[in-house]
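A, B, ... follow the sequence lines: proteins, then strands. Residue 1 opens every chain.
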Amino acid sequence: MEMTVLIAGFGGQGVLSAGKFVATAALMEGREVSWLPSYGPEMRGGTANCSIILSDQSIGSPILNQTDVLIALNNPSLDKFSPMVKSGGLIIVDESLVKSVPNRQDVRLIAIPASDMASEAGNMTFATVILLGAFSACTSSIQRETFEKALLESLPERHHHLIPQEMDLFDQGAAYAGQS
Amino acid sequence: MEMTVLIAGFGGQGVLSAGKFVATAALMEGREVSWLPSYGPEMRGGTANCSIILSDQSIGSPILNQTDVLIALNNPSLDKFSPMVKSGGLIIVDESLVKSVPNRQDVRLIAIPASDMASEAGNMTFATVILLGAFSACTSSIQRETFEKALLESLPERHHHLIPQEMDLFDQGAAYAGQS
Amino acid sequence: MNKRVLMKGNEVIAEAAVRAGCRHYFGYPITPQTEIMHYMARRMVEAGGVMVQAESEVAAINMVYGASAAGARVLTTSSSPGISLKQEGFSYIAGAELPAVVVNIVRGGPGLGGILPAQGDYFQATKGGGHGDYRNIVLAPASVQELYELTVEAFNLADRYRMLTMILGDGTLGQMMEPVAFREEEPIDSSDKPWAVTGFKAAEREHNTIQSIYIEADDLEALNNRLQDKYQIIRQQEVRSEQVNCENADVIVAAFGTCSRICRNVIRDAAALGIHVGLVRPITLWPFPDAAVVSAADQSSVQAVLTVELNAGQMVEDVRLAVNGLKPVYFHGRTGGNMPTQKEILDKIRSIVGR
Amino acid sequence: MNKRVLMKGNEVIAEAAVRAGCRHYFGYPITPQTEIMHYMARRMVEAGGVMVQAESEVAAINMVYGASAAGARVLTTSSSPGISLKQEGFSYIAGAELPAVVVNIVRGGPGLGGILPAQGDYFQATKGGGHGDYRNIVLAPASVQELYELTVEAFNLADRYRMLTMILGDGTLGQMMEPVAFREEEPIDSSDKPWAVTGFKAAEREHNTIQSIYIEADDLEALNNRLQDKYQIIRQQEVRSEQVNCENADVIVAAFGTCSRICRNVIRDAAALGIHVGLVRPITLWPFPDAAVVSAADQSSVQAVLTVELNAGQMVEDVRLAVNGLKPVYFHGRTGGNMPTQKEILDKIRSIVGR
Amino acid sequence: MSRIEIKEERCKGCGLCVSVCPKKIITLKRDTLNSRGFHPAGVTDMSACIGCAFCATICPDAVIEVWKETKRT
Amino acid sequence: MSRIEIKEERCKGCGLCVSVCPKKIITLKRDTLNSRGFHPAGVTDMSACIGCAFCATICPDAVIEVWKETKRT
Amino acid sequence: MMEEKVFTRTPGLTDKPFHYCPGCTHGIIHRLIAETMCEMGILETSIGVSPVGCTYNNYEYFACDMVQAAHGRAPAVATGIKRVHPNHTVFTYQGDGDLAAIGTAEIVHAAARGEKISTFFVNNAIYGMTSGQMAPTTLIGQVTTTSPFGRSADAQGYPINVSEMLATLQGAVYIERVSVTGVKQIRQAKKAIRKAFYVQQAGLGFSMVEILSTCPTNWGQDPVSALQWVDEAMMKQYPLGVFRGSEIEVKPEWK
Amino acid sequence: MMEEKVFTRTPGLTDKPFHYCPGCTHGIIHRLIAETMCEMGILETSIGVSPVGCTYNNYEYFACDMVQAAHGRAPAVATGIKRVHPNHTVFTYQGDGDLAAIGTAEIVHAAARGEKISTFFVNNAIYGMTSGQMAPTTLIGQVTTTSPFGRSADAQGYPINVSEMLATLQGAVYIERVSVTGVKQIRQAKKAIRKAFYVQQAGLGFSMVEILSTCPTNWGQDPVSALQWVDEAMMKQYPLGVFRGSEIEVKPEWK
Ligand SMILES: Cc1ncc(C[n+]2csc(CCOP(=O)(O)OP(=O)(O)O)c2C)c(N)n1
Ligand SMILES: Cc1ncc(C[n+]2csc(CCOP(=O)(O)OP(=O)(O)O)c2C)c(N)n1
Ligand code: SF4
Ligand code: SF4
Ligand code: SF4
Ligand code: SF4
Ligand code: SF4
Ligand code: SF4
Ligand SMILES: [Mg+2]
Ligand SMILES: [Mg+2]
């Protein structure tokens, strides 16, 4: 079983770290994993994205031509990458920043006002955690506990006190996805 | 008809220029010609030599593995290059500087005290002209007049007044060779 | 083996070097490999080593030359334009027979080009971008785990043969994260370096000199003969490659590094269409695994060999030299940071087999 | 044609460049080609041109880049280590599609090596010593007369294709004197350079830019495709070689430059033994004259092809690629400034034909 | 009346103009995001503008134009 | 008596020693050629040597050795 | 009452938006150079050379003919151009990594040759483009990605004062260091740029203006405090002033 | 009366005869360095770096461990060595082409880093090895094979005063220019060499001694007049003296 995830947004929204959380968690669950960031011209002040592959077998190419899941944190990214989502795939968008969604009947679309929720919680970078909560709920590819452990491992100690809050938002994201 | 000449001595004795005179003269007589200097490690304070090929046809390799004529202005050069002289070939040495000569019965050997003669004439660099006179006499490969013209063409104007004296020494060299 | 941790390719290179006993790093920043320097800036302090940010790539490679002459295990890393600037230095290292490890995380060229992944420096790496007859051992990892293992190995090879060993990666390998499991202890050849300039006791040895100049033709030819003999031994002993699914294949694909991973996926895609595709993946680009290519190609089932590269066709020459007319050799490549898609490659294969 | 004068190869290169309309020379001294600079130091003053002694080879090639971008015909010359230093610059010139002429009077390598003649930079010249997928046109003269003619031609080719054209000589060619006959007037392609940075009138054109960076993969791939298309045209239109005595030969010898002249003598020596030797002499090393090699090798009389080089075996790869298994391909080479003797070559041929 | 015009779409919200305006009439519009994701600068009270062009002089993106009131001649 | 020794075979006849000897007792031997083709330096009157070592100090080829007369202690 | 347009985007710049980070002063410097070319009427006879650094593509911004150079080699490229077009105005725009590290030999020799070009040397004490490595001009104690514990003289050496160094060269006839941290400083910077072009046109020799600049992104500061850091920290190491050519008078109409 | 040997060939030199031209002062400088290493007892812990130039093979002459470097790169090579053997004495020996032309960046940065090495910079105002081309230090008016009409400031630029230039760098703690044109000067040169090694051993930073030297062959002068030309012509452009570190005191036993 192989699952591919593409997370995309503006630079600074934390999409690369979000991808790392997913990859770290998957590795903790004993799976093969690859994480590939965009590092190209788009970096400075532009957009950023990363491709993650989770698999039970060794991974071939880390480069995605199509993807099972797209998590999009802005419109340019959604517009650019939604054609890559496989039929039957999943698109999760940050509704606070994405104004128009692609017209695709063959995929599941989850829209969450993640940035607004994060901003309410006092930290814009929490948006990605909310979206990951939704991702986790929709795909059940990663256990909630593993995710928490991944946060613990990936975040520097001085941020560990934020983890409970982040997990709370994670759960909110999951719940939101469950409803929609 | 192809003739090869190797002129060798210490740096500063004018062996490269001597070779150029020969090549220039041969070209004036309408022949094909190549001139190749040593430019290697031996240059600074060491030895110098040049290879000249005169031919009626276009010239293949300008590099000599053996030679018809060797003109040697010191012992190291004579020792190094005399084995390259073809059977039936010609070796001309500056007797003033060369103390021992190779024991070869199959070649013609001309020894001229060229440096002493040149020193008497007041200019050490005239030694090569004397040896070239001998070369010309022994091989009759280049006309005396052509040689004079070659000097005229090769030497900078300010040295032209020396040409009569040089041709005189050239003739002495030729005469010397004739006697031996 | 330790537990697997998720790390970036570039950082793994740095960590592997430190584990291999490298305590001297000289470099100049350039994307997409600068993380190696960032990592070293911290790690060398911990390890009691030295990381010097040189004034240029030219200076960096000459610092490597000096540190290697002084007996150290030493690393420099860069990307395409920076590697071009090091070519005189590479040639000196070859001429002076010094061990050194160089990493080239290739980006798109020519010129300033772009910073996306490419394999356009294959010729430069394998045929010698510098002057004179010399070779570097060139290793082409295809995963982060292999980046680790081959980096350690590079130091051993460099010391064993007293020559430059290069890791040829690309932006994808350098930037991606994958799990890597480090060994408890590295298999380090603890080689004595009696030739190194280390200061000396007159009672024990003469003063040493390290140089690449041989003013007499015979001496320089002797150096060259010595080098060629050494290269011959390496051709016999150090060739590495991987064969995947080659037996009775219809088509053999040859690809290295990142590009080979795309081709690995194509094997599955092709199988779905009933086409049997085998993959030969050179791990040493020099010495090139001629025998592996020939053994794969010289099966009666094989219709052709297809070389896939992130360039306009470079390794394909070595494939052609190996195949030597036995089978037709085709090429498919993309440049500038674009990657061939699995579909492109599959289409090419289908056009070859006519299915 | 004018009357024949005796001149040194290096000086002929300089004179030819001036005659070809080159008024800008940038260089850094290095043996065995420095006479070119000495000649230019005087000649450019007469011709109203500029000769700048740069602070290094790196600076020199970048001055060339600037002068070429500014629309001038421009020359730089060097020898092996200096040419290695110019590799980044070469790659930039390729990427920016600028015309330029470079002369490499090759010396023995690797490293500081020696100053005697060699052909060890063949790979560097023909496969690209710099990074990325690019090619330079490489011309290999074998006589002083040809040095003149090919230098003039190099400027025309450079302008026609907007690319770097290299003269690959060696110490023998640079240092030797032979008769040369200059034409009254040179066949100069007077090419317009609307792309050059020359200052402009807003009414007439937009501002021009010269660059080799393409930050988007598609743009950089487009550049690469454009370059490859151009190279394809050159492969079709600009290949040059000479065949001597090839018809019904027993053995074909392939050799270029100075080395080919030794082989020319071997034809006579072999004939004396009743062995029919033919010579294929590539004049363009890139594009390589595959067809000429194949047409010579693919005769039923021909037993084998022997490549002779002043190196450890470089052009022989291109010969093998061309012959592609049709006939066995052998190699004989000398390095370090030593020259293969006629006898050595003849012995090799005899061992091949078994006579 | 002196006045300025800020090309909002090209403003990067760096705040340098804010820091130099002698009249303190420029702020970053926290509630607006332009399409590149920045909060652009805006003028709170244009009538206070004296047309000194300090803002335009320091704007790194050259997105401010300034008109100054002049006496009719 | 102070004295010097010149390794003639290694002398290049540059004349620097000649130019600095305060006693003017060194000359180049015009009538001798060493095997490398140079006229080596020689001392005309060794008894005049004061062992100052000026010659050795300036000799670029380090081919001069100097002994100085010392009082018996 | 009438309104007069007193400030507008100079036609010396193309219309393309800069790609620089918010508040990065590269943009100010671009504008000053572009304005000066227009005001001096030399836009169409100027040829600029772009460096490798964050402004690698400033050829897209300056509306004159432009050439992009290899990292550090802009002075050599400019030399090539100037020797072909001796009557044109040729300038280089270079960062501190480009000019003071890899390009040291090229700038020293262009200056020593008295090459008639003008160099605008943008010193932001860091490698901006490649994400914040130490530059030769990084201050002692400054934290960068390659001096994570702060630059120490012992491990990483001392900052180079380029203007002072080049001022020892006879061919460098005009050298001034300016900043762009405020309106007054920006005006002075523009005067210096103008003087550099003047020196070139008068054929006097090599001219350089060193401009202290910010890199909010890699300094980890907001744009306004970055300006303050220039004033407070950088200027201690890099005092403003004229290091060569204070006696040279610019034509009155160009003051 | 007894005789005492007061001058003998130092064991710091091998027995191999120098290949230099008659009267070339490279030989004097070699001897001074070799003698100093012996006198300081550091011959076995010194590592020298040979340049590309007439002294490309001085590794055959110095009796310590030696590394031959690529043209101009000796300071980088020395940096590599020193970072591996921080307690050894590492020096470079470089000509004016090597150090002041192609190697400009390397020497400036070794100095700026305060690299603990000593550089002996032999300035003979010409490229000796490659047959007399102009060097960065060639004097205005001097005829060379690449300035056949005499170096002109306009066409070829001005000479570079390397010591003065490097003295602007904080890491260059000791810089002195000496000559070897007479016995007194030679003794002063030796003192400077000693001080350079002392500065290195004391870990103070980068040290350089610039030594004005002759090239009779390419200057077209006899060896004795070549020395005079140094005194009369070269010293006008290159005054002797200490440019950095005059305050540093050498340990008394090393004076
Ligand atoms: C030969 C080479 N080496 C390294 C690089 C990578 N590189 C690009 S920009 C840069 C440094 C830029 O710093 P600076 O000149 O200070 O400009 P800034 O970005 O700060 O404006 C480097 C090292 C390159 N492109 N080419
Ligand atoms: C990369 C490179 N460029 C050029 C040369 C040729 N070269 C050898 S020595 C030399 C100049 C030597 O001059 P200098 O450093 O002044 O030493 P000198 O011979 O005067 O002592 C040059 C240009 C080289 N060997 N390598
Ligand atoms: S012109 Fe002056 S007063 Fe008006 S907004 Fe700008 S800075 Fe403020
Ligand atoms: S200075 Fe310019 S870019 Fe910055 S906030 Fe003001 S208008 Fe916007
Ligand atoms: S030691 Fe003094 S006096 Fe004696 S020969 Fe030498 S220089 Fe002359
Ligand atoms: S100084 Fe030395 S080499 Fe020169 S002449 Fe005197 S002894 Fe001979
Ligand atoms: S990285 Fe720094 S120098 Fe580069 S654009 Fe951003 S702020 Fe400016
Ligand atoms: S060429 Fe000049 S520097 Fe070289 S050895 Fe001869 S005199 Fe000395
Ligand atoms: Mg910078
Ligand atoms: Mg010199």
Atom CE in C:Met176, atom SG in A:Cys50: separation rounded to 0.5 Å? 12.0 Å
At a heavy-atom separation under 4.5 Å, does A:Ile59 approach chain C through its side chain, its backbone, both, or neither? both
Answer yes or no: are there more than 12 heavy-atom neighbours, outside C:Lys343 itself, under 6.0 Å from its atom NZ? no
Is it the case that atom CZ in C:Arg350 sees more than 12 heavy atoms from other parts of the structure closer than 6.0 Å? no
Quick check on C:Lys8 against chain A: is it the side chain, the backbone, both or neither that has a heavy atom closer than 4.5 Å? side chain
Between A:Tyr39 and C:Thr31, the two heavy atoms sitting closest are CD1-CG2, 4.4 Å
Once rounded to the nearest 0.5 Å, what's the spacing between atom CH2 of A:Trp35 and atom CG of C:Leu6? 8.5 Å
Counting only non-hydrogen atoms closer than 4.5 Å, does C:Val144 touch chain A with its backbone (N, CA, C, O), its side chain (CB onward), both, or neither? neither
How many angstroms lie between OG1 in C:Thr258 and CD1 in A:Ile63, if you round to the nearest 0.5 Å? 6.0 Å
Could you measure the distance from the OG atom of A:Ser38 to the CD atom of C:Gln175? Nearest 0.5 Å is fine. 9.5 Å
Listed pairs under 3.5 Å, donor-acceptor, residues 145-156 of chain A side chains, sequence neighbours left out:
from, atom 1, to, atom 2, distance (Å)
A:Thr146, OG1, A:Glu29, OE2, 2.5
A:Glu148, OE1, A:Arg144, NH1, 3.3
A:Ser154, OG, A:Ala150, O, 2.8

I need the C:Gln342 CD to A:Asn65 CG distance, nearest 0.5 Å. 5.5 Å
Measure across C:Pro179 and A:Val33 and return the closest heavy-atom pair with its distance rounded to 0.1 Å. CD-O, 3.2 Å
Under 3.5 Å, which donor-acceptor pairs do the side chains of residues 17-26 of chain A form with other protein atoms, sequence neighbours left out?
from, atom 1, to, atom 2, distance (Å)
A:Thr24, OG1, A:Lys20, O, 2.6

Name the region of C:Ser260, side chain, backbone, both or neither, that has any atom closer than 4.5 Å to a heavy atom of chain A. neither
Heavy-atom pairs under 4.5 Å with chain A - which of C:Arg264, C:Met177, C:Arg107, C:Arg4 has more of them than the others? C:Met177
